[in-house]
K.L.:
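Below: one structure in structure tokens.
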Amino acid sequence: DGAESRRLTEQAEAMLEPETIPAVRAEVLFGRLFCLRGPGRLHDRRLIGAEVVALAERHRLDDALFRGYTWLVPEHLQAADLPAYDATISALTRIAEQSRQPLHLWYARLYQAQAAIAAGSLTLSGGSNNTTLVPNANISFGGSGANRAVTVTPAANASGTATITV
């Protein structure tokens with residue numbers, strides 16, 4: 001039950017001594033975040049997420065820092081706090097580019113694309129590895145914002161295979 005989970009994670013946090021290993025404290029805070037689902041707890045999640053980020057920065061806990069920022073991106077978007085949303089994506093991207101870890105880079109690119117869609121500035125392009133079958137000019141995009149579509153039209157009377165890159 002959600003209330004019981006929240007109570008137990010709050011109790012675990014309260015039991016931590018001030019000198020508790022920072023990585024352990026970060027994990028307890030992540031446990032609290034997972035128990036605070038629902039729109040009525042958005043403010044609490046943002047506060048705890050910011051606490052995780054501050055703790056991770058202070059103690060150079062790179063993984064906890066990345067996870068904290070990853071947690072905060074959708075929370076800032078849900079709160080419609082676009083300056084915090086943009087700043088968090090920038091911080092996440094900086095960490096991902098420094099770490100060069102594939103999952104970190106994937107999250108950074110995902111959130112960058114999400115931000116571009118939210119801002120209405122996403123530019124799409126496509127290409128074919130077999131332009132005889134599918135000329136690049138026959139790859140078109142429609143829609144706007146979060147509702148996009150791609151149309152691929154093969155050349156007349158052509159057959160074969162092509163890889164389309166969007």
Side-chain angles (χ1 to χ4, degrees), residues 23 26-27 29-31 33-166:
E27 290 305 318
L29 290 170
F30 279 119
L33 285 170
F34 282 111
C35 294
L36 293 174
R37 298 313 317 153
R41 305 307 298 257
L42 176 62
H43 178 73
D44 294 335
R45 289 193 308 271
R46 290 179 73 201
L47 288 176
I48 294 170
E51 185 178 344
V52 168
V53 167
L55 177 72
E57 285 176 338
R58 201 167 44 254
H59 296 282
R60 298 180 181 218
L61 303 171
D62 296 339
D63 186 59
L65 182 61
F66 184 82
R67 289 170 52 210
Y69 279 127
T70 301
W71 187 278
L72 282 172
V73 169
E75 305 298 347
H76 291 321
L77 185 60
Q78 185 179 353
D81 186 347
L82 297 183
Y85 174 74
D86 290 338
T88 303
I89 290 173
S90 293
L92 190 69
T93 300
R94 193 172 46 257
I95 294 166
E97 288 171 352
Q98 289 170 355
S99 75
R100 306 297 303 157
Q101 292 185 29
L103 184 62
H104 290 187
L105 292 166
W106 181 85
Y107 268 107
R109 301 302 176 253
L110 173 73
Y111 287 137
Q112 288 169 345
Q114 183 184 50
I117 289 169
S121 62
L122 181 66
T123 302
L124 297 174
S125 63
S128 169
N129 74 337
N130 182 347
T131 55
T132 302
L133 178 61
V134 179
N136 288 337
N138 288 13
I139 303 170
S140 61
F141 299 92
S144 63
N147 298 310
R148 304 291 179 113
V150 61
T151 302
V152 178
T153 306
N157 301 317
S159 64
T161 60
T163 300
I164 308 300
T165 302
V166 176

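All values below were derived from every heavy atom in this structure, side-chain atoms included, with hydrogens, water molecules and symmetry-related copies excluded. One is the number of the first residue; the rest follow in order along the sequence.
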K.L.:
Can you confirm whether more than 12 heavy atoms, excluding those of His59, are under 6.0 Å from its NE2 atom?
P.N.:
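Atom NE2 in His59 is packed in, count exceeds 12.
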K.L.:
List the residues meeting side-chain hydrogen bond (donor to acceptor under 3.5 Å, both in side chains) with Asp63, not counting sequence neighbours, and say none if there are none.
P.N.:
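Once residues adjacent in sequence are excluded, Asp63 has no partner under the side-chain hydrogen bond (donor to acceptor under 3.5 Å, both in side chains) criterion.
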K.L.:
Under the side-chain contact (heavy atoms from CB on, under 4.5 Å) rule, what do Tyr111 and Thr88 come out as? Steps first, then yes or no, please.
P.N.:
CA-CA 10 Å; Tyr111 287 137; Thr88 303; over 6 Å; no
K.L.:
Could you go through residues 100-110 and list every donor-acceptor pair under 3.5 Å that involves a side-chain atom there, pairing it with any protein atom two or more places apart or in another chain?
P.N.:
from: His104; atom 1: ND1; to: Ser99; atom 2: OG; distance (Å): 3.0
from: Arg109; atom 1: NH1; to: Gln112; atom 2: OE1; distance (Å): 3.4

K.L.:
Going from OG1 on Thr70 to CD on Glu75, what distance comes out if it is rounded to the nearest 0.5 angstrom?
P.N.:
12.0 Å
K.L.:
Work out which heavy atom in Ala64 is nearest to a heavy atom in Phe30; give both atom names and the distance.
P.N.:
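Smallest heavy-atom distance, with atoms named: O-CZ, 3.7 Å.
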K.L.:
Side chains of Thr151 and Ile139: does their closest heavy-atom pair fall under 4.5 Å?
P.N.:
no
K.L.:
Partners of Glu27 by salt bridge (Lys or Arg N to Asp or Glu O under 4.0 Å), sequence neighbours excluded?
P.N.:
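Glu27 satisfies salt bridge (Lys or Arg N to Asp or Glu O under 4.0 Å) with Arg67 only.
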K.L.:
Check step by step if side-chain contact (heavy atoms from CB on, under 4.5 Å) holds for Tyr69 and Ile95.
P.N.:
CA-CA 10 Å; Tyr69 279 127; Ile95 294 166; 3.5 Å; yes
K.L.:
Would you check, one step at a time, whether the test side-chain contact (heavy atoms from CB on, under 4.5 Å) holds for Val150 with Leu124?
P.N.:
CA-CA 9 Å; Val150 61; Leu124 297 174; over 6 Å; no
K.L.:
Report the residues that fulfil side-chain hydrogen bond (donor to acceptor under 3.5 Å, both in side chains) with Glu51, sequence neighbours left out, ordered by chain and then residue number.
P.N.:
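Here no residue qualifies.
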K.L.:
For Trp71, run the side chain to side chain contact (heavy atoms under 4.5 Å, CB included) check against Val52, Leu33, Leu29 and tell me which one passes.
P.N.:
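Per the side chain to side chain contact (heavy atoms under 4.5 Å, CB included) rule, the option paired with Trp71 is Leu33, out of Val52, Leu33, Leu29.
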K.L.:
With rounding to the nearest 0.5 Å, note down the distance linking CZ in Arg58 to CG in Leu65.
P.N.:
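The CZ atom of Arg58 sits 12.0 Å away from the CG atom of Leu65.
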K.L.:
Can you tell me how far apart CG (Asn136) and CD1 (Ile164) are? Round to the nearest 0.5 Å.
P.N.:
8.0 Å
K.L.:
Pairs of donor and acceptor atoms involving the side chains of residues 78-87, under 3.5 Å and at least two apart or interchain, shall be tabulated with distances.
P.N.:
from: Gln78; atom 1: OE1; to: Arg45; atom 2: NH2; distance (Å): 3.3
from: Asp81; atom 1: OD1; to: Ala84; atom 2: N; distance (Å): 3.2
from: Asp81; atom 1: OD2; to: Arg46; atom 2: NH2; distance (Å): 2.6
from: Tyr85; atom 1: OH; to: Gln114; atom 2: OE1; distance (Å): 3.1
from: Tyr85; atom 1: OH; to: Ala115; atom 2: N; distance (Å): 3.4

K.L.:
May I have the list of side-chain donor-acceptor pairs in residues 126-134 shorter than 3.5 Å, sequence neighbours left out?
P.N.:
from: Ser128; atom 1: OG; to: Asn130; atom 2: N; distance (Å): 3.0
from: Ser128; atom 1: OG; to: Asn130; atom 2: O; distance (Å): 3.0
from: Ser128; atom 1: OG; to: Val134; atom 2: O; distance (Å): 3.0
from: Asn129; atom 1: OD1; to: Thr163; atom 2: N; distance (Å): 2.6
from: Asn130; atom 1: OD1; to: Thr132; atom 2: N; distance (Å): 3.3
from: Asn130; atom 1: OD1; to: Leu133; atom 2: N; distance (Å): 3.2
from: Asn130; atom 1: ND2; to: Thr161; atom 2: O; distance (Å): 3.0

